[in-house]
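Notes follow the structure.
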Amino acid sequence: MRKIWIWSITAALAGFLFGFDTVVISGADKKLQALWQSSDMFHGTVVMAMALWGTVVGAILGGIPTNKIGRKKTLLWIGILYTVSALGSAFANDPITFAIFRFVGGLGVGASTIAAPAYISEIAPAKDRGKLVGLYQFNIVFGILVAFLSNYLLSGIGENAWRWMIGVEAIPAFIYTLFVLTVPKSPRWLLTKMRTDEAKKVLRLINPDQDPEALMLEIKTESENIVSGENIFIKKYRFPLMLAFLIAMFNQFSGINAFLYYAPRIFEEAGLGESTALLSSIGIGVTNMLFTLLGVFLIDRLGRKQLMYIGSVGYIISLSLVACAFFLNWEGMAVPIFLFLFIAAHAIGQGTVIWVFISEIFPNHLRGSGQSFGSSVHWILAAIIPSLVPVLFTSIGAGTVFAIFAFMMILQLLFVAFIMPETKGISLEELSNKLIKGRKNRTDDIIGHAEQKAN
């Protein structure tokens, strides 16, 4: 089990770079707009959001290398993309060059949301899969916290502080790339490629006390239902496809990425000074990390669905309070406190659950494609929504924006209550079999099975 933890943490470090890369730009936000004298629209859609458009492309295409060359090699290329992006962005002297290198980093982020959870879910035992895949999300929020802290510490070093803020990412990116060389290939991926002997060796490494033939037989049974050339868009996979679409859509309609990108700007809108706004951003990072840790601890105990209930209720309360604060001009620390509550709700619910859930609901041979679909929905919305934030704040006001997010979270609560199945404690092969059978009672069947195993 110790080896599985080490390999899972290594793969999950792609999440650290994801979190760092996504948020590090927030410290350079206003400086870059002033430096290049960009309009709100150009600054929002090109300078700030280009990494997210790269992430969209990485998410759409990331399933291809994840399936073709494997989870491990894809993770290696992700590290290279992050390193090149960090150095290129730091040395850029105009907004277009800057945007191109940010786009390259985005490719790494998008691909990492497919390859890292897929890899971890495929080496993890069913009973620990939630928390091991959850390490990816923990690393994302740890990267976010380190980025906020790094921005704060580097903000006072002069005119070129923004270059240091963005360029420092090259150090962890290079270290991560070296670490990935030490992990084995995914045994489930090897079996889909008919590389049985290699798969056996890895399975013996993962669990030397267990006969690898047992798992291989279970995987073979699942693969007997495979039709050559099939894809995730055929009728058979409609239910898992819908689940991936809805959980990804609601994740972004909470406003989480819009908030993380523009945290200092939102705090300044609420009447805090620039320095206090940056410091409050670090508070957001700490809150995010602590509640993600709690979510990772609880996900295999309470299950995915219970965490989503907790998160949805927390979203609705906190986003409604933030909207009221802007509508009624509450000043001081009201907005930061409500946003801390929002981040806590996100971290323990959607933040912990999304990548675990999407990595569980597709069969082995289509996991890369299925995650690519879920990731693409997530990142297309993550590119569109933050791009519109500066314009929306100016046109309809921050209060209305947060009120819309609150309404969307009421819809998420209904999704959790009536559509989302529980997936804890069930092997990937058994879960896949249940989700694609098309029974009317499949959701109840899965929930009942999970409860039986838990008891």
Side-chain angles (χ1 to χ4, degrees), residues 55-71 73-75 107 109-122 129 133 136 186-194 218-252 304 350 353-383 415 419-423 426-440 442-443 445-446:
T55 301
V56 169
V57 176
I60 291 169
L61 302 179
I64 298 170
T66 302
N67 283 333
K68 295 281 185 191
I69 64 172
R71 286 59 162 140
K73 282 187 182 174
T74 305
L75 289 170
L107 293 174
V109 172
S112 83
T113 60
I114 299 161
Y119 179 81
I120 301 168
S121 72
E122 289 177 354
R129 191 173 61 237
V133 179
Y136 176 72
S186 159
R188 283 179 165 94
W189 176 77
L190 288 168
L191 285 169
T192 64
K193 299 297 176 187
M194 310 303 286
E218 192 176 358
I219 294 168
K220 189 181 174 210
T221 305
E222 185 216 32
S223 66
E224 282 169 358
N225 298 320
I226 295 171
V227 178
S228 178
E230 68 180 12
N231 61 62
I232 57 163
F233 297 105
I234 63 176
K235 187 177 180 181
K236 181 176 169 184
Y237 300 115
R238 189 175 292 167
F239 187 54
L241 200 70
M242 179 184 69
L243 291 174
F245 175 84
L246 289 173
I247 198 165
M249 180 194 77
F250 284 125
N251 184 287
Q252 284 307 303
R304 288 64 162 147
Q350 268 274 13
V353 172
I354 180 170
W355 305 118
V356 175
F357 188 72
I358 293 176
S359 75
E360 294 175 319
I361 58 177
F362 293 99
N364 291 325
H365 69 296
L366 292 174
R367 183 161 296 112
S369 306
Q371 282 189 252
S372 179
F373 172 78
S375 259
S376 301
V377 173
H378 175 279
W379 288 115
I380 287 168
L381 290 172
F415 158 70
I419 299 173
M420 182 181 175
E422 181 56 80
T423 58
I426 309 173
S427 78
L428 293 175
E429 289 70 34
E430 197 175 342
L431 184 57
S432 161
N433 190 40
K434 287 177 179 294
L435 285 173
I436 64 175
K437 271 192 173 171
R439 297 177 189 161
K440 286 182 182 177
R442 62 192 154 197
T443 300
D445 192 70
I446 292 165

| request: Scan for salt bridge (Lys or Arg N to Asp or Glu O under 4.0 Å) pairs involving residues 56-70, sequence neighbours excluded, and state none if there are none. | output: none
| task | Measure the CG-OG distance between Leu431 and Ser121 for me, rounded to the nearest 0.5 Å. | result | 10.5 Å
| For the residue pair Ile232 and Leu366, what are the closest heavy atoms and their distance? | CG2-CB, 3.8 Å
| CA sep, side-chain torsions, deciding dist, call: Glu122, Arg129, side-chain contact (heavy atoms from CB on, under 4.5 Å) | CA-CA 9 Å; Glu122 289 177 354; Arg129 191 173 61 237; over 6 Å; no
| request: For Phe357, enumerate each residue passing the ring-ring contact (aromatic ring centres under 6.0 Å, His included) test, keeping only those at least two apart in sequence or located in another chain. | output: none
| field | Separation between CG of Leu435 and OH of Tyr237, rounded to the nearest 0.5 Å | value | 11.5 Å
| Who pairs with Thr113 by side chain to side chain contact (heavy atoms under 4.5 Å, CB included), at least two apart in sequence or on another chain? | Phe18, Tyr136, Trp355, Ser375, Trp379
| task | Identify the two heavy atoms, one from Ser376 and one from Ser372, that lie closest to each other, and give their separation to 0.1 Å. | result | OG-O, 2.5 Å
| field | Residues Leu246, Met420; criterion side-chain contact (heavy atoms from CB on, under 4.5 Å); working and verdict | value | CA-CA 9 Å; Leu246 289 173; Met420 182 181 175; over 6 Å; no
| request: Indicate the atoms forming the closest heavy-atom contact of Gly58 with Ile114, along with that distance. | output: O-CD1, 4.1 Å
| remark: For Arg304, the side chain to side chain donor-acceptor pair (under 3.5 Å) test, sequence neighbours excluded, returns Asp300, Glu360, Thr423
| request: Measure the CG-CD1 distance between Asn251 and Ile247 for me, rounded to the nearest 0.5 Å. | output: 7.5 Å
| query | Measuring from Leu107:CG to Ile60:CD1, what's the distance to the nearest 0.5 Å? | reply | 11.0 Å
| Nearest-0.5 Å distance that lies between atom CD in Gln252 and atom CD1 in Ile354 | 7.5 Å
| said: Pairing donors with acceptors under 3.5 angstrom, does anything connect the side chains of Asn364 and Ser432? | reply: no
| task | Please lay out, stage by stage, how Ser369 and Asn231 fare under the test side chain to side chain donor-acceptor pair (under 3.5 Å). | result | CA-CA 8 Å; Ser369 306; Asn231 61 62; over 6 Å; no
| In chain order, what residues pass the side chain to side chain contact (heavy atoms under 4.5 Å, CB included) check against Ala118, with sequence neighbours excluded? | Arg71, Arg367, Gln371
| Any residue meeting side chain to side chain donor-acceptor pair (under 3.5 Å) with Thr66, in chain and number order, not counting sequence neighbours | none
| remark: Contacts of Lys193 meeting side chain to side chain contact (heavy atoms under 4.5 Å, CB included) (sequence neighbours excluded), chain-then-number -> Trp189, Arg195
| request: With sequence neighbours excluded, tell me which residues meet side chain to side chain contact (heavy atoms under 4.5 Å, CB included) with Ile69. | output: Pro65, Lys73, Thr74, Trp77
| Shortest non-hydrogen contact between Leu243 and Ile419, atoms and distance | CD2-CG2, 3.9 Å
| query | At their closest point, which heavy atom of Ser359 faces which heavy atom of Val133, and how far apart are they? | reply | OG-CG1, 4.0 Å
| Which residues share a ring-ring contact (aromatic ring centres under 6.0 Å, His included) with Phe415, sequence neighbours left out | Phe250
| said: One pair to check against side-chain contact (heavy atoms from CB on, under 4.5 Å): Met242 and Phe239. What are the steps and the verdict? | reply: CA-CA 5 Å; Met242 179 184 69; Phe239 187 54; 3.6 Å; yes
| field | Non-hydrogen atoms of Tyr119 and Ser186 that approach each other most closely | value | CE1-N, 3.8 Å
